Amino acid sequence: MTQNTLANIRNFILLTIAQVLIFSQIHLFGYATAYVYLIFLLKLPRHTSKNALLLWGFSAGLIVDIFCNTPGINAAAATAMSLARNAFLSMFTHNGLPDDFVPSAKSIKWGGYTVYSLLNLLTFYTILFLLEVFTTGYIIPLLISISSSTLLTMLFVIVTECFSHRK
Amino acid sequence: MSSILNFLVKHNHWFLFILLEGISFVLIFAFNNYHSAAMFTSANSVAGNLYAAISDVEGYFSLKDENTALHEHNRALVEKINAMQEELSAFRDSASLADNRYICEKSKEGYTFGTARAINNTVNRTDNFITIDKGSNDGISQDMGVFNEKGVIGIVYLASENFALVQSLLNSKSMLSCRVKGDNSFCTLKWQGNDIYHSHLIDLPRHGRYEKGDTIVTSGFSASFPANVPVGEIVELEDSDDGNFYKAKIRLFADFSKADKLFTAGNSNRKEQAELESSINKEE
């Protein structure tokens with residue numbers, strides 16, 4: 001348990017630093033930004049309590065917000081994704097799983113993991129971009145931003161998954 | 001009663017969810033209204049110092065280009081000073097002593113200039129900000145103008161003790177009072193999003209004559225900038241949406257993605273001007 005928590009904190013710090021220093025600076029074609037810190041939220045164990053999930057989501061979002069000058073926007077979107085996460089996960093799992101069950105391409109198959117990640121990322125990006133542009137309100141650029149950012153982040157989710165399998 | 005309690009305990013994560021979303025939304029809205037929100041941006045001391053350290057390292061990679069640009073800028077300044085001295089001596093020759101004093105007093109606008117370095121910079125959002133390494137301890141305050149050797153960059157939005165957040169021209173909320181060089185009517189520059197090299201003048205008066213390539217400079221009315229700081233040049237001219245004005249697409253002189261060495265313009269008379277203007281608003 002404590003080992004798990006320590007590993008969680010380590011992943012949290014590494015991904016947040018990578019997010020702030022590298023990924024937030026990259027913006028493909030003016031639309032797509034990858035938020036790789038979400039991988040941390042995707043990979044939290046199944047047994048993590050709902051309250052803990054929400055707090056992890058909120059604090060990760062808030063830290064990224066502070067560094068990117070978007071106070072509250074990432075925090076709101078990541079908290080909402082944390083709430084929806086377990087509902088998405090239950091579509092691919094059954095009851096009676098071991099305590100340390102972690103969502104991955106191995107545990108719920110590539111198909112399951114991809115759809116699970118896509119649903120989570122779509123939830124996150126829809127809320128994020130709606131909050132970011134809700135004063136300007138252009139529909140088409142909004143849809144392009146949501147879909148391209150989701151796909152870009154999905155790419156990193158898959159790459160991470162491939163590497164974690166080799167171990 | 002106990003069933004209600006059970007229900008509340010079982011679904012307690014919903015309360016946490018609502019609380020956290022509530023905090024997020026307070027942050028989203030507070031950021032637009034209150035200065036204390038600086039703590040939740042990269043102008044806070046932890047994020048500011050981290051960005052300053054990284055930018056120190058990054059700075060070494062662009063030293064050569066930076067030096068060439070500075071050199072060129074110095075050259076241009078020397079040229080300008082020369083031209084101005086010639087102009088001044090021409091005035092001295094032609095004007096009487098009294099007139100001469102008038103010219104000197106009139107040109108004293110009360111601006112002081114400082115230098116600052118951009119330590120964090122975004123260009124990819126609807127509302128872009130630049131964090132600079134000078135804050136209220138260095139005399140930076142809200143609404144001061146920020147520019148570089150090419151042109152206007154933005155206006156100080158929030159200042160903490162050692163850092164400040166600059167609202168860049170690439171921000172949907174930025175409005176800059178401008179003037180077409182060689183013409184006295186003034187107009188407003190407003191960014192329409194997405195394109196980091198261009199912005200728009202939204203209310204060019206129809207009675208003026210403008211052409212592609214005309215230079216746009218600051219009007220000097222906003223008290224953030226002295227008059228005649230370059231902004232950009234006209235690349236396209238069309239009717240505004242309501243047809244009462246011209247709308248012009250402006251190529252911005254400053255390259256926002258490379259903004260690093262900056263100048264700040266502080267006006268010692270600004271406070272007085274702001275107080276005067278707000279007293280008029282109150283009377284209305």
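Proteins come first, then strands; the chains are lettered A, B, ... in the order of their sequence lines, and each starts at number 1. None of the values given here were measured: they were computed from a predicted structure.
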Worksheet item: Can you tell me if Ser257(B) and Asp255(B) form a side-chain donor-acceptor pair at under 3.5 Å?
Response: yes
Worksheet item: Can you pull out the residues in residues 75-84 of chain A with any heavy atom less than 4.5 Å from chain B?
Response: Ala75(A), Ala76(A), Thr79(A), Ala80(A), Leu83(A)
Response to the item:
Ranked by heavy-atom pairs below 4.5 Å to chain B, first place among Thr33(A), Asn74(A), Leu55(A) goes to Leu55(A)
Worksheet item: Hey, mind stepping through Ser240(B) and Asp242(B) against side chain to side chain donor-acceptor pair (under 3.5 Å) and telling me if it holds?
Response: CA-CA 6 Å; Ser240(B) 71; Asp242(B) 57 7; 2.7 Å; yes
Item to complete: Side chain from CB out, backbone as N, CA, C, O: work out which of these in Leu21(A) comes under 4.5 Å of a heavy atom of chain B, or both, or neither.
Response: side chain
Worksheet item: Quick one: side-chain hydrogen bond (donor to acceptor under 3.5 Å, both in side chains) partners of Asp239(B), sequence neighbours excluded?
Response: Arg206(B)
Practice prompt. Taking ring-ring contact (aromatic ring centres under 6.0 Å, His included) as the test, write out the residues that go with Tyr197(B), two or more places apart.
Written response: none
Practice prompt. May I ask you to check whether Asp203(B) and Thr188(B) show a side-chain donor-acceptor distance below 3.5 Å?
Written response: yes
Worksheet item: Who are the side-chain hydrogen bond (donor to acceptor under 3.5 Å, both in side chains) partners of Thr126(A), not counting sequence neighbours?
Response: none
Worksheet item: Between Phe23(A), Phe40(A), Tyr35(A), which is the residue that forms a ring-ring contact (aromatic ring centres under 6.0 Å, His included) with Phe156(A)?
Response: Phe23(A)
